[in-house]
Engineer: 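Here it is, the structure in full.
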Amino acid sequence: MRLGRDFFERDVLLCARELIGCEMVLGECRGRIVETEAYAELGDEACHTFMRESTRQFIANHSAGTAYVYQNYGIHWLFNVLTKGPSGNGFVLVRALAPLEGIVTMRRRRGVDGEKNLCSGPGKLTVAMGFGREFHGKDICQPGGVELVFGKGEVESDVRIGISRAKEKPWRFLERASPWVSVKPKKTGATS
DNA sequence: ACACGGATACTA
DNA sequence: AGTATCCGTGTC
């Protein structure tokens with residue numbers, strides 16, 4: 001069952017947590033989401049909205065469930081989903097997948113053998129799945145492009161990875177004991 | 001450990 | 001214009 005707009009019209013922390021266990025489908029490739037991070041429009045210095053007017057405009061001009069895709073370090077495309085909840089707006093960064101289908105294609109795109117290294121990072125999974133800048137601004141609640149399918153997972157939380165500000169927020173969510181995540185959690189938080 | 005790479009937002 | 005920074009990866 002494809003996630004509808006109502007799923008993303010909730011608090012970003014809830015969306016990020018509940019996306020663990022859901023599946024991401026694009027073309028022939030499919031994977032289970034095992035790692036996400038939440039970024040809040042307000043009160044979160046690590047969110048792009050803290051520095052970028054263009055990101056604040058993106059939120060104003062798009063609805064919940066829209067893909068926010070941007071390039072980091074001039075190399076890596078990172079895939080986020082816009083959320084708009086009653087307590088504020090935000091983005092969920094998808095950081096790792098457990099590959100389920102289209103693994104031959106993923107290997108070809110990534111240029112590696114094995115499976116553990118295919119989607120174990122936000123930049124890796126966009127290559128494996130075939131995401132590029134053309135997905136920026138696309139509505140993922142509509143048929144035709146990337147699809148997120150509801151699923152359940154056991155969740156643990158940890159601090160976010162690779163940021164320089166607001167490092168203390170425990171806003172990274174992972175499938176418990178998953179071998180598919182980018183970095184194993186150090187401080188393990190509450191389960192769900 | 002470090003190089004790689006480009007968009008964005010600053011300073012002047 | 002130039003500079004600093006950035007939600008990373010692969011290879012050294």
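By convention in this document, chain letters (A, B, ...) are assigned in the order of the sequence lines, proteins followed by strands, and residues within each chain are numbered from 1. If you're wondering where the values come from, they're calculated on a predicted model, not measured in any experiment.
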Engineer: With respect to the phosphate group of C:dG8, does any side-chain polar atom (N or O) of A:R95 fall under 4.0 Å of OP1 or OP2?
Structural biologist: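 Yes, A:R95 has a side-chain N/O under 4.0 Å of OP1/OP2 on C:dG8.
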Engineer: Measure from CG on A:L118 to P on C:dG10 and round the result to the nearest Å.
Structural biologist: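 About 10 Å, once rounded to whole Å.
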Engineer: Scan A:R165 against the nucleic acid and name what it touches under 4.0 Å (heavy atoms): base, sugar-phosphate only, or nothing.
Structural biologist: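 Answer is sugar-phosphate: A:R165 comes under 4.0 Å of backbone atoms only.
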Engineer: Which residues in residues 56-79 of chain A have at least one heavy atom lying under 4.0 Å from any atom of DNA chain C?
Structural biologist: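 DNA chain C contact set from residues 56-79 of chain A: A:Y70, A:N72, A:Y73, A:I75, A:H76, A:L78.
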Engineer: Return the value, rounded to whole Å, for the distance between atom CZ of A:R133 and atom C1' of B:dT8.
Structural biologist: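 To the nearest whole Å, that distance equals 13 Å.
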Engineer: Work out which heavy atom in A:R109 is nearest to a heavy atom in A:A128; give both atom names and the distance.
Structural biologist: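 Between these two residues, the closest heavy atoms are NH1-O, 2.9 Å.
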Engineer: When all nucleic acid strands are considered with a 4.0 Å heavy-atom cut-off, which category describes A:S182: base, sugar-phosphate, or nothing?
Structural biologist: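 Nothing: the residue A:S182, judged by heavy atoms under 4.0 Å, touches no strand.
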Engineer: Pick base, sugar-phosphate or nothing for A:R160, based on heavy-atom distances below 4.0 Å to the nucleic acid.
Structural biologist: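 No contact.
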Engineer: Could you check how far CD of A:E41 sits from C1' of C:dC7, rounded to whole Å?
Structural biologist: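 For the pair A:E41 CD and C:dC7 C1', the rounded distance is 17 Å.
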Engineer: Can you tell me the distance, in whole Å, between the NZ atom of A:K124 and the P atom of C:dT11?
Structural biologist: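 Going from A:K124 (NZ) to C:dT11 (P), I get 11 Å.
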Engineer: Once pairs are restricted to Watson-Crick or G-U wobble with both distances under 3.5 Å, how does DNA chain B read as a dot-bracket string, [ ] for crossings and | for other-strand pairs?
Structural biologist: .|||.||||||.
Engineer: What is the distance, to the nearest angstrom, from the CD1 atom on A:I161 to the P atom on C:dT9?
Structural biologist: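 Rounded to whole Å, this separation is 10 Å.
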Engineer: Would you mind telling me which residue lines up with the more 5' stretch of DNA chain C, A:S164 or A:S120, judged by nearest nucleotide?
Structural biologist: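 The residue mapped nearer the 5' terminus is A:S164.
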Engineer: Is it the case that the side chain of A:R160 and the backbone of A:A38 share a donor-acceptor pair, with hydrogens and angles ignored and the cut-off at 3.5 Å?
Structural biologist: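 Side chain of A:R160 to backbone of A:A38: a pair is present.
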Engineer: Rounded to whole angstrom units, what separation is found between the CD atom of A:E35 and the P atom of C:dC7?
Structural biologist: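 Rounded to the whole Å, the gap is 15 Å.
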Engineer: Taking A:R110 for its side chain and A:N117 for its backbone only, find out whether a donor-acceptor pair lies under 3.5 Å.
Structural biologist: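 Between the backbone of A:N117 and the side chain of A:R110 there is a qualifying donor-acceptor contact (under 3.5 Å).
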Engineer: Is A:R2 reaching over with its side chain to a backbone N or O of A:L148, donor-acceptor style, under 3.5 angstrom?
Structural biologist: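 No.
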Engineer: Check the distance between C:dC6's C1' and A:K167's NZ and give it to me in whole angstrom.
Structural biologist: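 Answer to the nearest Å: 13 Å.
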Engineer: What nucleotide, of B:dC10, C:dC7, C:dT9, holds the atom closest to the side chain of A:H48?
Structural biologist: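 Of B:dC10, C:dC7, C:dT9, C:dC7 is nearest to the side chain of A:H48.
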Engineer: Just how far, in rounded Å, is P of C:dC7 from CE of A:M51?
Structural biologist: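 Taking CE of A:M51 and P of C:dC7, I get 11 Å after rounding.
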Engineer: Is any side-chain N of the basic residue among A:R5 and A:D139 closer than 4.0 Å to the acidic one's carboxylate O?
Structural biologist: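 Between A:D139 and A:R5 there is a salt bridge, with a charged N closer than 4.0 Å to a carboxylate O.
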Engineer: OP1, OP2 of B:dA9 versus side-chain N and O of A:S54: anything below 4.0 Å?
Structural biologist: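 For B:dA9, OP1 or OP2 has a side-chain N or O of A:S54 closer than 4.0 Å.
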Engineer: Are the charged groups of A:D11 and A:K84 less than 4.0 angstrom apart, N to O?
Structural biologist: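 Not counted as a salt bridge, because no side-chain N and carboxylate O are separated by less than 4.0 Å.
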Engineer: Specify the closest pair of heavy atoms between A:P179 and A:K116, including all atoms of both residues, with the distance to one decimal.
Structural biologist: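 Closest approach of A:P179 to A:K116: O-CE, 3.2 Å.
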Engineer: Give the minimum heavy-atom separation between A:L97 and A:P99, together with the two atoms involved.
Structural biologist: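 Heavy atoms only, the tightest pair is O-CD, 3.5 Å.
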Engineer: Side-chain heavy atoms under 4.5 angstrom apart, residues restricted to Ile, Leu, Val, Met, Phe, Trp, Tyr: same cluster for A:F173 and A:F150?
Structural biologist: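 In one cluster: yes.
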Engineer: Which part of the nucleic acid, if any, lies within reach of A:I163 when heavy atoms closer than 4.0 Å are counted: base, sugar-phosphate only, or nothing?
Structural biologist: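 Sugar-phosphate contact only - A:I163 comes under 4.0 Å of backbone atoms but never of a base.
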Engineer: For A:E115, is there an ion pair with A:R107 - N to carboxylate O distance below 4.0 angstrom?
Structural biologist: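 Salt bridge: yes.
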